[in-house]
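Beneath this line is the structure, given in structure tokens, with notes to follow.
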Amino acid sequence: MEFKLNIGAPDTEDRVLRMDAGVLYDVIIVGGGPAALTAAVYCMRKGVSTGLITMDFGGQLSDTSTVENYMGYSYITGVDLANKFKEQVRQFEIAIADGKKAVAIEDGTEKVVRLDDGSAFRARSLIITTGKSSRKLGVPGEIELTGRGVAYCAICDAPLFAGKRVVVVGGGNSGIESAIDLAKIAEHVTVVQFLPELTADRVLVDAFEAFTNTTTLYEHEVMEIVGTQTVESVKIRNRVTGDVSTHEVQGIFIEIGLDPNTVSVKGLLKLNEFGEIEVDCACRTNRPGIFAAGDVTSVPFKQIIIAAGEGAKAALSACEYILRES
Ligand SMILES: Cc1cc2nc3c(=O)[nH]c(=O)nc-3n(C[C@H](O)[C@H](O)[C@H](O)COP(=O)(O)OP(=O)(O)OC[C@H]3O[C@@H](n4cnc5c(N)ncnc54)[C@H](O)[C@@H]3O)c2cc1C
């Protein structure tokens with residue numbers, strides 16, 4: 001089998017092959033993060049016809065300020081690393097449907113991926129790499145004020161809060177990293193932590209505690225986010241005394257963890273207690289021909305290098321499956 005490589009060709013949108021509903025692809029990859037993009041390179045190098053369906057390129061990398069633990073780069077921004085991954089994929093004539101969300105996956109004589117725009121694409125095998133997304137607080141005002149003071153990514157949105165008062169919810173690594181970024185520019189940062197202590201790494205806690213414009217509320221929880229056009233205040237409850245206080249702030253960053261993006265495969269693939277897709281050591285799910293890789297799976301340790309490695313493994317497993325089935 002021949003694979004199509006265009007090293008050196010200009011990386012223009014015009015060259016992108018659009019996915020074709022009339023084609024039965026060997027492999028369709030769902031996702032656009034490190035796992036997906038690595039899987040795409042492996043599939044294309046194996047010469048199998050491949051489609052990539054994704055809402056964006058980069059995934060969580062686009063929310064990461066700097067990466068210092070991806071081999072080959074002692075220091076690189078998340079966006080630059082995502083662009084390098086994307087460039088490497090674009091060397092191949094891979095069919096892409098980007099800006100599209102997979103909403104349902106069907107497994108019959110062939111696999112079908114249905115998208116939010118009503119279109120559907122068919123394949124002999126699938127690789128699911130849909131990663132994780134920020135967990136929601138689930139309090140009144142959160143959805144209504146998202147993008148109007150409610151934020152989930154300090155790297156993306158912290159500059160909007162220069163000189164303002166903000167709340168950060170969560171005392172883990174993401175919460176404290178965000179609080180540090182915000183403390184550098186905001187007037188004041190209040191960290192709301194559910195537990196009696198911060199659970200972030202010591203090095204982060206030390207850096208955070210060096211700021212003088214911060215307050216940490218231990219054993220507290222956010223009850224409501226209040227505002228008409230934008231966030232005006234946040235109601236916070238002391239979990240020990242039950243007292244509720246109102247804090248006038250212009251922003252709230254929610255950093256309480258990530259949930260796996262498995263809506264399209266619910267009821268089809270076996271999930272573990274954390275809602276992650278269960279895979280074996282070859283990235284096989286419980287359905288033959290459907291593979292999964294990266295943060296969306298039960299594989300421990302959610303890191304770029306692990307997602308990329310698992311993406312490679314899933315691609316090789318999918319190629320082996322196609323060979324065996326043909
Ligand atoms: C703030 C932050 C900092 C981090 N820093 C580091 C670090 O320094 N070093 C490190 O190794 N790791 C870091 N990580 C973790 C790392 O980013 C992840 O482990 C890695 O991105 C996981 O890759 P993935 O491809 O599995 O999933 P993701 O990166 O989550 O990508 C998932 C992709 O799937 C797409 N998608 C989701 N649902 C659908 C759907 N239904 N249809 C179509 N497409 C869909 C998304 O748009 C996205 O493109 C960090 C994460 C965060 C949030």
Side-chain angles (χ1 to χ4, degrees), residues 60 63-69 78 131-142 145-146 149-158 161 164-226 231 233-260 272-276 295 298-304 306:
Q60 294 170 60
D63 301 339
T64 305
S65 54
T66 58
V67 177
E68 298 181 3
N69 54 5
K132 290 197 167 184
S133 299
S134 299
R135 190 171 294 153
K136 305 288 178 283
L137 263 183
V139 299
E142 181 180 18
L145 294 166
T146 291
V150 176
Y152 297 87
C153 174
I155 290 147
C156 323
D157 296 335
F161 296 86
K164 300 193 170 154
R165 300 180 70 82
V166 295
V167 161
V168 173
V169 188
N173 282 343
S174 305
I176 299 307
E177 268 184 38
S178 301
I180 291 168
D181 283 351
L182 285 157
K184 291 175 191 160
I185 53 167
E187 181 193 327
H188 188 269
V189 179
T190 301
V191 170
V192 178
Q193 165 68 323
F194 201 73
L195 300 172
E197 73 274 335
L198 297 176
T199 53
D201 295 342
R202 190 70 244 167
V203 62
L204 289 174
V205 174
D206 288 345
F208 170 66
E209 288 179 346
F211 288 93
T212 53
N213 59 338
T214 67
T215 307
T216 304
L217 301 176
Y218 297 98
E219 295 186 86
H220 280 66
E221 62 187 327
V222 171
M223 304 303 291
E224 186 178 351
I225 303 166
V226 182
V231 170
S233 64
V234 174
K235 289 188 179 163
I236 299 173
R237 189 176 83 96
N238 182 323
R239 300 182 62 234
V240 179
T241 65
D243 292 344
V244 176
S245 50
T246 298
H247 298 248
E248 289 189 5
V249 294
Q250 290 79 49
I252 173 167
F253 284 75
I254 298 164
E255 300 281 0
I256 54 169
L258 302 162
D259 282 326
N272 68 9
E273 60 186 308
F274 306 111
E276 300 164 334
D295 279 19
S298 52
V299 168
F301 311 122
K302 311 305 184 192
Q303 290 284 284
I304 302 160
I306 294 173

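Everything numeric here is computed off the predicted structure, so don't read it as measured data. All values below come from the heavy atoms of this structure, side chains included, with hydrogens, waters and symmetry mates left out.
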Does the structure place the NZ or CZ of Lys136 under 6.0 Å from the centre of the six-membered ring of Tyr152, at an angle of no more than 45° from the ring's axis? yes
Report yes if the side chains of [X] and [Y] come closer than 4.5 Å at any heavy-atom pair, otherwise no.
X      : Y      : value
Leu258 : Ser134 : yes
Val189 : Phe253 : no
His247 : Val192 : no

Atom [atom1] of [X] and atom [atom2] of [Y]: how far apart are they, to the nearest 0.5 Å?
X      : Y      : atom1 : atom2 : value
Ile256 : Leu137 : CD1   : CG    : 4.5 Å
Ile236 : Thr190 : CD1   : OG1   : 6.5 Å
Ser233 : Ile252 : OG    : CD1   : 10.0 Å
Gln60  : Cys153 : CD    : SG    : 10.5 Å
Ile180 : Glu209 : CD1   : CD    : 10.0 Å
Asp259 : Arg135 : CG    : CZ    : 4.5 Å

If you compare all heavy atoms of [X] against all heavy atoms of [Y], which two are closest, and at what distance to 0.1 Å?
X      : Y      : value
Gly251 : Phe161 : CA-CE2, 3.4 Å
Gly275 : Pro260 : O-CG, 3.3 Å
Gly131 : Asp295 : CA-CB, 4.1 Å
Val226 : Leu145 : C-CD1, 4.0 Å
Gly171 : Ile176 : O-CG1, 3.7 Å
Val191 : Ala179 : CG2-CB, 3.8 Å

Between Glu219 and Arg239 (salt bridge meaning N to carboxylate O under 4.0 Å), is one present in this structure? no
Please determine if Arg237 and Glu224 form a salt bridge, counting it only when a charged side-chain N lies under 4.0 Å from a carboxylate O.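 So Arg237 does not pair with Glu224 through a salt bridge.
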Between the side chain of [X] and the main-chain N/O of [Y], is any donor-acceptor distance below 3.5 Å?
X      : Y      : result
Gln250 : Lys164 : no
Gln193 : Glu197 : yes
Asp201 : Asn173 : no

Could you check whether atom NZ of Lys235 has more than 12 heavy atoms from other residues, nucleotides or ligands sitting under 6.0 Å from it?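 Not more than 12 within 6.0 Å, no.
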Could you go through Val166 and Val249, starting from their C-alpha distance and side-chain angles, then the distance that decides it, and tell me whether this counts as side-chain contact (heavy atoms from CB on, under 4.5 Å)? CA-CA 5 Å; Val166 295; Val249 294; 5.6 Å; no
Among Thr215, Leu182, Val167, exactly one meets side-chain contact (heavy atoms from CB on, under 4.5 Å) together with His188. Which residue is that?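 It is Thr215; the other options fail the test.
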Are Asn272 and Glu276 linked by a side-chain donor-acceptor pair shorter than 3.5 Å?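 Note: Asn272 and Glu276 side chains meet the donor-acceptor criterion.
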